[in-house]
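Here is the naming used below: chain letters follow the sequence lines, and residue numbers restart at 1 for every chain.
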There are 4 protein chains.
Amino acid sequence: MRKKELKTRDKIIKNALRIFAQKGFFRTTVDDIAEATGVAKGTVYLYFSNKEDLYTASIDEHFNIALGMLSEVDQSPGTPGEKMNKIATDYVNYITDLRTTYLPFSFESMNLSSKTLKKIHSAIEPKLHEMVNTISRIIKDGIGHGEFRRVDPQLAAFYFLSTIRAIFFNHFYVTNDSIKTESVLELFFDGLNKRR
Amino acid sequence: MRKKELKTRDKIIKNALRIFAQKGFFRTTVDDIAEATGVAKGTVYLYFSNKEDLYTASIDEHFNIALGMLSEVDQSPGTPGEKMNKIATDYVNYITDLRTTYLPFSFESMNLSSKTLKKIHSAIEPKLHEMVNTISRIIKDGIGHGEFRRVDPQLAAFYFLSTIRAIFFNHFYVTNDSIKTESVLELFFDGLNKRR
Amino acid sequence: MRKKELKTRDKIIKNALRIFAQKGFFRTTVDDIAEATGVAKGTVYLYFSNKEDLYTASIDEHFNIALGMLSEVDQSPGTPGEKMNKIATDYVNYITDLRTTYLPFSFESMNLSSKTLKKIHSAIEPKLHEMVNTISRIIKDGIGHGEFRRVDPQLAAFYFLSTIRAIFFNHFYVTNDSIKTESVLELFFDGLNKRR
Amino acid sequence: MRKKELKTRDKIIKNALRIFAQKGFFRTTVDDIAEATGVAKGTVYLYFSNKEDLYTASIDEHFNIALGMLSEVDQSPGTPGEKMNKIATDYVNYITDLRTTYLPFSFESMNLSSKTLKKIHSAIEPKLHEMVNTISRIIKDGIGHGEFRRVDPQLAAFYFLSTIRAIFFNHFYVTNDSIKTESVLELFFDGLNKRR
DNA sequence: TATGAATGAGCGTTCATTCAT
DNA sequence: AATGAATGAACGCTCATTCAT
């Protein structure tokens, strides 16, 4: 029964993550998630005290998945630059699989109550820091091996994540997918300025 | 009469832009906007057929303002690099003034109905293209003068706008505002890779 | 329009008072009241911020009516004893008209949230005090004229109101209405003990 | 087995009585009672077919306790007046122990479905009659011994019970407990009218 | 033009009740 | 006998939209 309980809760989270990703917090109803999971609406409330709690749990799940992909790439062989390219590609693929509709997946802008935002914050901040730290270490490694410039590794890691996100936001603005991941990454690594 | 009408419509849009920016589409009520404008709720519907229309008009207004700032900087003297720095700084300041709350201003993720999304798209795409084109021209100019590398100017322009947005999204993830505009722009211009 | 507004609000309160009296707070739905008033559910929320607010307003209305009856009797001619008999009879008639079902009308026991109880308290306490004070004055008058014993007038006034209520609670326990108002009042005035 | 069953059922009733008394029928959930009893929610339904049944059983329990106190006092030595004073005091103490919250304990006004009300009625009417009869006998005894006036003993008995309840309802209206049991009983026994 | 009272569909949440184990 | 996960009907409340004035 312990197993079954975890399974139902887990199934709800997985469906919630997907549907929230597709339709956003407000256009997703608890019924949507319950129906997709094959349970009654009330069942959702056995595992989550309210919709925002479920949303928080979904974001948490998202970061767990992202962290999993990250550390897997980190432990695989390759130069820092190769690793970062792999991270970006994997993440882009994951998100691309997740959103089945036109809409971009973005936790960045939910306009929830500030109370919930704070809850989400405290839930994701440690995980985001872990992501930033992992990438940061890769960058430091790259600096040590003379592959990267001497920049602030934390800042570069943050900017790297933003660059990945930029690839998705592009979809919102430009309907034809002319913007390629590699081209953006090339700009990230080599910058705009001409080398002297 | 004509003047008064435009004024009321204009006042509504300006308040809508500010409030939507602060609270997002769903948490903003038509009453919020009517009240802030000092008109009755029904009056809003004299000028906009529904809430999403008003939202679309607000986004349009936002891009008009952004385009205005852009062309002003474009026509001022300075190197392409200086111009781009000015654009980023001005835009950051504008957005910072706009959002009075904790929440980032992001049109990217509204999770509206796809019908409305398409309307917004067709409304903003020409303006966004104008923005991208203006920046694109500056970049081309920089390439011609040997200041920038030979990259796809459109892609670089798009990535430049994404970089500006990245500075705001940062606020959502990192509570202390340690990420400085200049540091991010430095990374944008010089890239991560070491120069050979 | 001012008039119309007051009318709708007033109509809602009057229906709410009647239905709450018949079915109690929990078994009464906002829809019940809206339907009885001939307005949509949302209309109720134009005038009252929530169900408990409406309930509080209903109780207030009840006490206003009771106070009106009380002061009318008070200003009519008669001995203190006659006045008190009239008060009891009028009140009993009023309540009897109000409850159309089997259920007693009792504000005493709603088991609401303590927050609401406090709101109701502060709303009715002054009015209840006014009721007690009016009866108290009548009793004092009766004592002064040698009609009543020298008792605490406030206590006697409170007990008098309880005696009136007792007549209704009786209906809950005893299905045949054998308990007559006059018999109970006789006991109230003359007591159980034999006079020495 | 048989013993254990009775024990569980009994434990549920005792907890139900206490919690219903504190929070009322509607604000009490079956979960509240199950949790307090230390059994699963489903277990409650092994012994009671629904919540209203459990409520009826609780009221029954209440009357059994009250009847027990009553007959104990009845069989103890003392004048009729002394006995009635003892009854009132004991009952007040019992109820005071029962309600741990601000709310008065009142079965009088539950606003349940009329079907359940009828069930409750038929359950408590015989017991209430037994209470009234016991007190009635005491009063008759007092009349026979010249202690009480020649009144309808049933009516006086009913009014006596109402007087006891009045003491509790007072708590709802008057926040400071200035109303003392003895003062109210004095009024009950001696009446308001001056003795000629 | 402008108003704002009225509407009612829609959604989050609760909780008594059931039933497979 | 006992459990507790699951159900789903019910209800409070919101708010975009309408329309008579």
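- As rounded to whole Å, 17 Å separates atom C1' of E/dA6 from atom CZ of C/R9.
- Put simply, the side chain of C/K51 gets close to the backbone of C/T28: a donor and an acceptor are under 3.5 Å apart.
- Among the nucleotides F/dC11, E/dT17, F/dC13, the one closest to any side-chain atom of C/N50 is F/dC13.
- One interatomic measurement links the two molecules: NZ of D/K51 to P of E/dT18, which rounds to 15 Å at whole-angstrom precision.
- Heavy-atom distances under 4.0 Å link DNA chain F to no residue of residues 30-38 of chain A.
- Looking at residues 39-46 of chain B, you'll see B/K41, B/Y45 sit with a heavy atom under 4.0 Å from some atom of DNA chain F.
- Nearest heavy-atom pair, A/I33 versus A/T37, reported as atom, atom and distance to 0.1 Å: O-OG1, 2.6 Å.
- The CZ atom of B/F26 sits 16 Å away from the C1' atom of E/dG12 (whole-angstrom rounding).
- Within 4.0 Å of B/S49, counting heavy atoms only, lies no atom of the nucleic acid at all.
- Nearest approach of A/A36 to A/R18, heavy atoms of both residues: CB-NH2, 4.2 Å.
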Would you write out the dot-bracket form of DNA chain F, 5' to 3', with Watson-Crick and G-U pairs under 3.5 Å, [ ] for crossing pairs, | for pairs to other strands and . for unpaired bases? .||||||||||||||||||||
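- One interatomic measurement links the two molecules: NZ of D/K11 to P of F/dA1, which rounds to 14 Å at whole-angstrom precision.
- When side chains are defined from C-beta on, B/T56 does not count as touching B/D60, because their heavy atoms never get closer than 4.5 Å.
- D/I13 places a side-chain heavy atom less than 4.5 Å from the side chain of D/F48.
- When all heavy atoms of A/R9 and A/Y47 are compared, the closest pair comes out as NH1-O, 3.3 Å.
- A/V30 is listed as a side-chain neighbour of A/Y45, based on a closest heavy-atom distance under 4.5 Å.
- Between A/Y55 atom OH and E/dG12 atom P there is a gap of 14 Å when expressed in whole angstrom units.
- When the C1' atom of F/dA5 is taken as reference, atom CD1 of A/I12 falls 11 Å away, rounded to whole Å.
- Shown here for B/K23 and B/R27, the closest heavy-atom pair between the two residues is O-CB, 3.4 Å.
- Taking atom CZ on B/F25 and atom C1' on F/dA16, their separation rounds to 9 Å, with Å as the unit.
- A donor-acceptor pair is defined here as one N or O able to donate and one able to accept, closer than 3.5 Å; such a pair exists between the side chain of B/D32 and the backbone of B/T29.
- Tested against C/I12 for a side chain to side chain contact (heavy atoms under 4.5 Å, CB included), the candidates C/N15, C/T8, C/D10 yield a single pass: C/T8.
- At the phosphate of F/dA6, OP1 or OP2 sits under 4.0 Å from a side-chain N or O atom of A/T8.
- In this structure, D/Y55 and D/F25 have perpendicular ring planes: the angle between them is above 60°, well past the 30° mark.
- Note: CG (B/L54) to P (F/dT17) measures 10 Å, nearest angstrom.
- Side chains of D/F20 and D/L54 form a contact here, defined as non-hydrogen atoms less than 4.5 Å apart.
- For the pair A/Y47 and F/dA5, the criterion of a side-chain N or O lying under 4.0 Å from OP1 or OP2 is not met.
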